[in-house]
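Working notes for the structure below.
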Amino acid sequence: MAELKTKATKASALEFIKSLPDEAKRKDAQELLKIFKEVTGEKSVMWGTSIIGFGKYHYESEHSTQKGVWPLTGFSPRKQNLTLYIMFNLSDFTPLLEKLGKHKTSKGCLYIKKLADIDIAVLKQIIKKSFVEMKKKYAVI
């Protein structure tokens with residue numbers, strides 16, 4: 001089986017956020033860092049060069065030969081969007097997503113332009129629900 005290329009590093013999530021060139025993105029990322037720490041109770045860990053993860057589990061893809069360790073949840077302040085790795089099937093979150101505010105989704109990612117566009121209380125519920133369900137479903141490390 002193929003190993004995942006993105007792995008946990010010793011880099012500082014806060015230093016990564018401080019290095020972001022866009023001030024608005026930097027402020028939103030700092031707020032997300034606080035939110036994810038509060039909701040998960042986990043310390044932040046940098047995965048690769050741009051993903052900030054919380055918790056970890058053993059991952060084996062159902063659709064390919066990839067396997068390895070991956071964060072239970074996390075985010076990345078990408079140039080286009082704040083990308084949130086919700087991991088759990090987002091179709092299960094439809095009632096919450098309808099209340100969230102302006103966003104886009106893919107299978108396991110939630111894309112937000114800026115935190116001002118969404119309801120933070122609803123975001124916290126989504127993160128918490130996903131985190132709890134992921135811990136139930138997978139071998140947490």
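Just so you know, these numbers use all the heavy atoms, side chains as well, and skip hydrogens, waters and symmetry mates.
- Of all non-hydrogen atoms in I127 and I86, the two that sit nearest each other are CG1-CD1, 4.4 Å.
- Taking all atoms of both residues into account, the shortest heavy-atom contact from K99 to D119 is O-CB, 4.0 Å.
- With sequence neighbours left out, the ring pair (Phe, Tyr, Trp, His ring centres under 6.0 Å) criterion links F75 to F36.
- In this structure, T6 OG1 and M46 CE are separated by 10.5 Å, a value rounded to the nearest 0.5 Å.
- Taking every heavy atom of both residues into account, I52 and A13 meet most closely at CG2-CB, 3.9 Å.
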Salt bridge (Lys or Arg N to Asp or Glu O under 4.0 Å) between K27 and E31: does it pass, once the steps are laid out? CA-CA 6 Å; K27 285 182 179 180; E31 185 62 26; over 6 Å; no
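- Not a single salt bridge (charged side-chain N to carboxylate O under 4.0 Å, His left out) links K10 to another residue, sequence neighbours left out.
- The hydrophobic clustering, which links ILVMFWY residues whose side-chain heavy atoms are closer than 4.5 Å, places V132 and L90 apart.
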Could you go through V39 and L123, starting from their C-alpha distance and side-chain angles, then the distance that decides it, and tell me whether this counts as side-chain contact (heavy atoms from CB on, under 4.5 Å)? CA-CA 10 Å; V39 171; L123 177 64; over 6 Å; no
Below 3.5 Å, can you tabulate the donor-acceptor pairs from side chains in residues 102-111 to any protein atom, sequence neighbours excluded?
{"from": "H103", "atom 1": "ND1", "to": "G101", "atom 2": "O", "distance (Å)": "2.6"}
{"from": "S106", "atom 1": "OG", "to": "Y111", "atom 2": "OH", "distance (Å)": "3.1"}

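- The salt bridge (charged side-chain N to carboxylate O under 4.0 Å, His left out) check on E98 picks up nothing, with sequence neighbours excluded.
- Sorted by first then second residue, the side chain to side chain donor-acceptor pair (under 3.5 Å) pairs that include residues 72-87, not counting sequence neighbours, are S50-R78, S76-R78, R78-Y85.
- For L96 against Q125, the heavy-atom pair with the smallest separation is CD2-OE1, 3.2 Å.
- Minimum interatomic distance between Y57 and P71 (heavy atoms only, all atoms of both residues): CE2-O, 3.3 Å.
- E38 is linked by a salt bridge (charged side-chain N to carboxylate O under 4.0 Å, His left out) to K124, counting only residues two or more places apart in sequence or in another chain.
- Interatomic distance, W47 CH2 to K7 NZ, rounded to the nearest 0.5 Å: 9.0 Å.
- Judged by distance alone, the side chain of T94 and the main-chain N or O of S91 form a donor-acceptor pair under 3.5 Å.
- The closest donor-acceptor contact from the side chain of K56 to the backbone of A8 lies at 3.5 Å or more, if one exists at all.
- Between R26 atom CZ and I17 atom CD1 the span is 10.5 Å, to the nearest 0.5 Å.
- Shortest non-hydrogen contact noted between A29 and L20 is CB-CD1, 4.0 Å.
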